[in-house]
K.L.:
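To start, I am sharing the structure in question, which I have written as structure tokens.
For this chain, numbers begin at 1 and follow the sequence in order. If you're wondering where the values come from, they're calculated on a predicted model, not measured in any experiment. What you see below is based on every heavy atom in this structure, not just the backbone, and it leaves out hydrogens, waters and symmetry mates.
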Amino acid sequence: MHLQDSVATMARQYVRSIVSAVQRVSMAISPSRSGLNAEHKIISGFPEAATLARWICQSYRFHLGVELFRQADEAGESLLRMLWDHEDAILCCSFKEKPVFTFANEMGINMLETSFVALQDLSLDKIFDEAGRKALYSEIPKLMEQGFVYLPGGVCLSGMGRHVSFENAVAWKVVGEDNNVHCLAFCFVNWSFV
């Protein structure tokens, strides 16, 4: 029985990786970049996406004392569009024992080499190596106390296992109107494949 479950899990991961690879290839060769517009349409079709975008930006401003965008516009859909188009990879993961990704902007999806639909199959543990996990976990108490932490540059892994370097990152708690922490957000600055 355990062997059947293991084979089924491997088969699902294989199919997801094939679908993700086909999506990346189609986006790369499509001159209109319609794949990215489709991803944004999926996101903008959920009212929760606009709410999450507002919480991400408000929490960033509250914890760091500066705006996430140079020109902040609190008007829902345009704020979601600005978050989606942000030049750095912005990722959100659940605030649970095993954090999984729940949102990424266009750059975040590109960095993780995944699709918006397959994003939830990636956990925070999977993108960091042992040293990266230790560095992140050593900062969790500080993150919980002050609401944000700066992380030094380093290397993480995409969903396809490729190494991704980043200049630095910032992590912050995303708090909703109910003052509960809904997720953790990360902004990876100047990332590139190595």
K.L.:
By side chain to side chain contact (heavy atoms under 4.5 Å, CB included), which residues pair with Asp129, not counting sequence neighbours?
P.N.:
Ala131
K.L.:
Could you report the tightest heavy-atom contact between Leu122 and Gly159, atom names first, then the distance?
P.N.:
CD2-CA, 3.8 Å
K.L.:
Ignoring hydrogens and angles, tell me if any N or O in the side chain of Asn105 forms a donor-acceptor pair with the backbone of Ala89 under 3.5 Å.
P.N.:
no
K.L.:
Do Leu119 and Val100 share a hydrophobic cluster, counting only Ile, Leu, Val, Met, Phe, Trp and Tyr and linking them when any side-chain heavy atoms are less than 4.5 Å apart?
P.N.:
no
K.L.:
According to a hydrophobic-cluster definition based on side-chain heavy atoms being under 4.5 Å apart (Ile, Leu, Val, Met, Phe, Trp, Tyr only), do Tyr137 and Val170 belong together?
P.N.:
yes
K.L.:
So do His63 and Gln146 actually touch side chain to side chain, heavy atoms under 4.5 Å?
P.N.:
no
K.L.:
Does a side-chain heavy-atom distance below 4.5 Å link Cys183 with Leu52?
P.N.:
yes
K.L.:
Does the side chain of Asp125 come within less than 4.5 Å of Arg133's, by heavy atoms?
P.N.:
yes
K.L.:
Indicate the atoms forming the closest heavy-atom contact of His182 with Val175, along with that distance.
P.N.:
CD2-C, 4.2 Å
K.L.:
Less than 4.5 Å apart, any side-chain heavy atom of Leu157 and any of Lys126?
P.N.:
no
K.L.:
Please report the shortest heavy-atom distance between Leu80 and Ala50, naming the atom on each side.
P.N.:
CD2-N, 4.3 Å
K.L.:
Between atom OG of Ser123 and atom CD of Glu97, what is the distance when rounded to the nearest 0.5 Å?
P.N.:
12.0 Å
K.L.:
Kindly check if the number of other-residue, nucleotide or ligand heavy atoms within 6.0 Å of CD (Glu177) is above 12?
P.N.:
yes
K.L.:
Which heavy atom of Ala185 sits nearest to which heavy atom of Val174, and what is that distance?
P.N.:
CB-CG2, 3.6 Å
K.L.:
Counting only heavy atoms not in Phe193, do more than 12 fall under 6.0 Å of its CZ?
P.N.:
yes
K.L.:
Classify the ring geometry between Phe128 and Phe188 as parallel (under 30°), tilted (30 to 60°) or perpendicular (over 60°).
P.N.:
tilted
K.L.:
From the options Cys92, Ser59, Cys93, select the one residue that forms a side chain to side chain contact (heavy atoms under 4.5 Å, CB included) with Leu184.
P.N.:
Cys93
K.L.:
Taking the side chain as C-beta and beyond, is there a heavy-atom pair between Pro141 and Met144 under 4.5 Å?
P.N.:
no
K.L.:
Is there side-chain contact between Tyr60 and Val66, with at least one heavy-atom pair below 4.5 Å?
P.N.:
yes
K.L.:
So, taking the atom named CD in Glu167 and the one named CG in Asp88, what distance separates them when rounded to the nearest 0.5 Å?
P.N.:
9.0 Å
K.L.:
Honestly curious: do Val189 and Leu83 fall in one hydrophobic cluster under the side-chain, below-4.5 Å linking rule?
P.N.:
no
K.L.:
Drop me the distance from Gln120's CD to Thr102's OG1, to the nearest 0.5 angstrom.
P.N.:
9.5 Å
K.L.:
Out of curiosity, does Leu124 fall in the hydrophobic cluster containing Val181 (side-chain heavy atoms, cut-off under 4.5 Å, transitive links)?
P.N.:
yes
K.L.:
When the ring centroid of His86 is compared with that of Phe69, is the distance short of 6.0 Å?
P.N.:
yes
K.L.:
How many angstroms lie between atom CD of Glu106 and atom CZ of Arg81, to the nearest 0.5 angstrom?
P.N.:
8.0 Å
K.L.:
Starting at CG of Asn180, measure out to NZ of Lys173 and round the result to the nearest 0.5 Å.
P.N.:
10.5 Å
K.L.:
Are Val155 and Trp191 connected into the same hydrophobic cluster when the rule is that any two of I, L, V, M, F, W, Y join if their side-chain heavy atoms are below 4.5 Å apart?
P.N.:
no
K.L.:
Heavy atoms, side chains only, cut-off 4.5 Å: are Leu91 and Met111 in contact?
P.N.:
yes
K.L.:
Report yes if some heavy atom in the side chain of Leu64 is under 4.5 Å from a heavy atom in the side chain of Trp172; otherwise report no.
P.N.:
yes
K.L.:
Once rounded to the nearest 0.5 Å, what's the spacing between atom CG of Leu151 and atom CD of Glu139?
P.N.:
6.5 Å
K.L.:
What is the minimum heavy-atom distance between Leu68 and Ile56, and which atoms define it?
P.N.:
CD2-CG2, 4.1 Å
